[in-house]
> 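Below you will find the structure I want to go over with you.
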Amino acid sequence: MLTEVSIAQILVNGLTSGSFYVLMALGFTLIFGIMRLVNFAHGEFYMLGAFVVYHLYGRLDVNFFLALAASAVTVGVLGAIVERVIFVPLRSRELSMLMSALGLQIALQGVMAVTEGVEALSLPAPVSGVYRSSWLIFPYDRLLVVAVAAVVLALFYAFITWSKFGQALRAVAQDAEAALMQGIPVNRVYTLAFAIGCALAAIAGGVIGPVFSLHVYMGQAAILKAFVVVILGGLGSVPGAVVGGLILGLAESVFASLFGVLVSDMLGFLLIMMILLWRPFGLLGRATA
Amino acid sequence: MNTWIRNVAIVGVLAVAALAVIHEPVRAAKTAELKIGFISALSGAGMGWGMGMLGGLELAAEDVNKAGGIPIGDTNYTIKVIAYDDKYTGPGAVQAAQRLISQDGVNIIVGPLGSVPMLAIADVTESNKVLVFSNSYTTKALSAKKPHTFRLTPTSMEFSLPFLQWIAKNHPQLKTTAIVGPNDESGKEVASHNEAAYQKVGIKVLAKEFYERGTQDFVPLLTKLLASKPDILDLDGSTPGDSGVILKQARQIGFQGQIIKTGGPGTLEIIRVAGAAADGFLYVSPWDPNEPKVKTLMERFEAKYKMPYNPLGVYFYEGSHMLFDAIKQAKTFSSDGLRQHIERQREYTGVLGRYVWGGEAEYGIRHQWIAPFYVGQVQKGKEMMLTKINP
């Protein structure tokens, strides 16, 4: 089969899928890392981001990147409001927060199903065309996702490493009580972390939307992939999400090309189970996670 | 005195006669509700199909109720639809069927949608002698052991062969195919029917791949599938949303052959998702959306439910009218009486044309509704019907 599909094509397909998964998982793992909350509604923020871009770029003809930025801000602000209204009163009750996140997922899906309908929509790709050579075919809209994933990761890394707020985020992630004693406003950090996580989900939805299709249930597949990626990489670990996403994407592509998609799913999860047996807290996770 | 007695007697007789005359229309005006159960996906991924089915049933019920209901004996029955959402799942369908039978007291169920819910409710409905008018793709849905189950939607068993015969005749250059479909009962059934039909018309199946529902990125799968260089890419029983994405991604990675689909209608959604990539796509359509009667039906549905009408719903509009006509003619809605009446029925003429009951050779029981269908093609983003194939 490798003679029919070039190795380069398989690897490029895998790295592209991996970039999709990294984008989907980034905000999810950030929220868990800071708040210890498995945000089941993450997929719905991803879906909301895609719909904001759909309305601004797809219908009102706003520039794609402006629409993407507006989507991140809108969904980020919504995330901040949701965090203040729903999660602040439940802080320290992890199970209640978990159930609220589940409720939020169902509510957001329901509201969007009523307002947007349930049929799939298409978002026109901001770039068109395909790179073709004898050994590789690569549509430019997928290349855009890879580029956005790289830029978002770089910006996020710079923010976490060098900004004062990024340092506060890391301090809260390591020890919230100690951070509080150092004068870090932990509650504000939680809200902002949740908002950033939601904004990252919105960017993922907005940039991946044109490659696939838009519908109110699109978040379900995204959250599943995000969950697998962060478990593999280590819950709460941002570098883990990157490594986990790329490994999952590559494994799926290689196995699908060699053995078919059903065997690929099975082997992909088998690989993940083996990695988790070796590293129970994920590749880059910490035992305290 | 005699005259007075005579006058009183005459007035008395007239009064009794008048009362009798007045009383008769009162008896004829007795009304009651005939409850029809409905199960389908009314939320989640299959909601477009499910709402189309519900719309078909409810619009037909609306027609009957507006015309005064169904007279049986001295009672006029108006139709009341009791609908439950099974979320496109087996357990959801079983729970809904049990509730309809034990709490709501229905003995006729329209639905469910899909093979898994259909197979799941069969034990409950058959043991309670409840008539089921379903939609599913599996051959296992109908059998002589399931005398109370009928199917209103033709499956790929019915239209694969005539559709592929039409393709082989009109596109003789197409010699090979690759199939991509969902990894479930529906996807596997459609693929097996299509494979048998491809063999009969002399088109060779080079490869087939099944994916888990919920897959969004089909490029790794398509890269492998299209490496076999087929003339046709067959979308099997993929949902309209998935079909649109597969179509778009197949064109993006350079596939220039013919793309076709036999299972599950929803071409407008496919066009919406795939955009210009959908041009040239050949498919089986239950209706001609440009036909005035169909347009009227679509407008009624869209006005009532504020969403586009899925073509699948037309089978349930026509099928519900067939069911209500059968109740009217049989003058009963008892399971056995109605079943026997429908089994004697050979054909039915509805909005789209002539339907016939078939399936004896394929399923061992003549409970499969065979409808006329169209071969459609997307041309410049519009649905164009190329030919109508009658049963």
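Only this structure's heavy atoms are used, side chains among them; waters, hydrogens and symmetry mates stay out. Every chain is numbered from 1, with letters handed out A, B, ... down the list of sequences.
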> Where on A:Ala256 is there a heavy atom nearer than 4.5 Å to chain B: the side chain, the backbone, both, or neither?
both
> When only heavy atoms count and the cut-off is under 4.5 Å, which of residues 207-214 of chain A reach chain B?
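Expected list: A:Pro210, A:Val211, A:Phe212, A:Ser213.
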> Look at atom NZ of B:Lys208 and say whether more than 12 heavy atoms of other residues, nucleotides or ligands are closer to it than 6.0 Å.
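It does not: B:Lys208 NZ has 12 such atoms or fewer within range.
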> Looking at B:Gly244, B:Ala207, B:Gly241, B:Gly254, which one has more heavy-atom pairs under 4.5 Å with chain A than the rest?
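Highest number of heavy-atom pairs under 4.5 Å: B:Gly254.
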> Between B:Thr223 and A:Ile10, does a side chain to side chain contact (heavy atoms under 4.5 Å, CB included) hold up when you go through it step by step?
CA-CA 8 Å; B:Thr223 304; A:Ile10 294 171; 5.8 Å; no
> Any chance you could measure B:Gln252, atom CD, to A:Phe138, atom CZ, to the nearest 0.5 Å?
10.5 Å
> Can a salt bridge be assigned to the pair A:Asp141 and B:Lys248 using a cut-off of 4.0 Å between side-chain N and carboxylate O?
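Looking at B:Lys248 together with A:Asp141, the answer is no, because their closest N to O distance does not fall below 4.0 Å.
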> Please look at A:Tyr131 and chain B and tell me whether the side chain, the backbone, both or neither of the residue comes under 4.5 angstrom of a heavy atom of that chain.
neither
> Within this structure, what is the CD1-CG distance for the pair A:Ile137 and B:Leu222, rounded to the nearest 0.5 Å?
11.0 Å
> Once you round to the nearest 0.5 Å, how far does CZ of A:Arg132 lie from CD1 of B:Ile253?
9.5 Å
> Which residues, numbered in order, of residues 218-233 of chain A come under 4.5 angstrom of chain B by heavy-atom distance?
A:Met218, A:Ala221
> Looking at residues at least two apart in the chain, or sitting in another chain, which of them share a side-chain hydrogen bond (donor to acceptor under 3.5 Å, both in side chains) with B:Asp184?
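So B:Asp184 forms a side-chain hydrogen bond (donor to acceptor under 3.5 Å, both in side chains) with B:Arg213.
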> Report the distance from atom NE2 of A:His215 to atom CD of B:Gln216, rounding to the nearest 0.5 Å.
5.0 Å
> Holding to side-chain contact (heavy atoms from CB on, under 4.5 Å), I want the full list of residues that pass it with B:Ala93, two or more places apart in sequence or in another chain.
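Partners of B:Ala93 under the side-chain contact (heavy atoms from CB on, under 4.5 Å) test: B:Ile39, B:Asp86, B:Pro117, B:Ile121.
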> State, to 0.1 Å, how close B:Pro220 and A:Ser257 come at their nearest heavy-atom pair, and which atoms those are.
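Shortest heavy-atom contact: O-OG, 4.5 Å.
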> Would you indicate whether B:Lys204, at its atom NZ, is surrounded by more than 12 heavy atoms from other residues, nucleotides or ligands within a distance under 6.0 Å?
no
> Below 4.5 Å from any heavy atom of chain A, which atoms of B:Asn183 appear? Answer side chain, backbone, both or neither.
side chain
> Please identify, among B:Glu212, B:Arg272, B:Met51, the residue contributing the most non-hydrogen atom pairs under 4.5 Å to chain A.
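So the answer, after comparing B:Glu212, B:Arg272, B:Met51, is B:Arg272.
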> Is chain B contacted by the side chain of A:Phe20, its backbone, both, or neither, given a heavy-atom distance below 4.5 Å?
side chain
> Counting only heavy atoms from other residues, nucleotides and ligands, does the tally under 6.0 Å from CD of B:Gln95 exceed 12?
no
> So A:Arg142 and B:Gln249, side chain to side chain contact (heavy atoms under 4.5 Å, CB included) or not? Walk me through it.
CA-CA 10 Å; A:Arg142 298 170 81 84; B:Gln249 294 184 349; 4.0 Å; yes
> Under a 4.5 Å heavy-atom cut-off, does chain A meet the side chain of B:Val273, its backbone, both or neither?
both
> What distance do A:Ser253 atom OG and B:Leu221 atom CG have between them, rounded to the nearest 0.5 Å?
11.0 Å
> Would you indicate whether B:Met384, at its atom CE, is surrounded by more than 12 heavy atoms from other residues, nucleotides or ligands within a distance under 6.0 Å?
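No - once you tally the heavy atoms of other residues, nucleotides and ligands closer than 6.0 Å, there are 12 at most.
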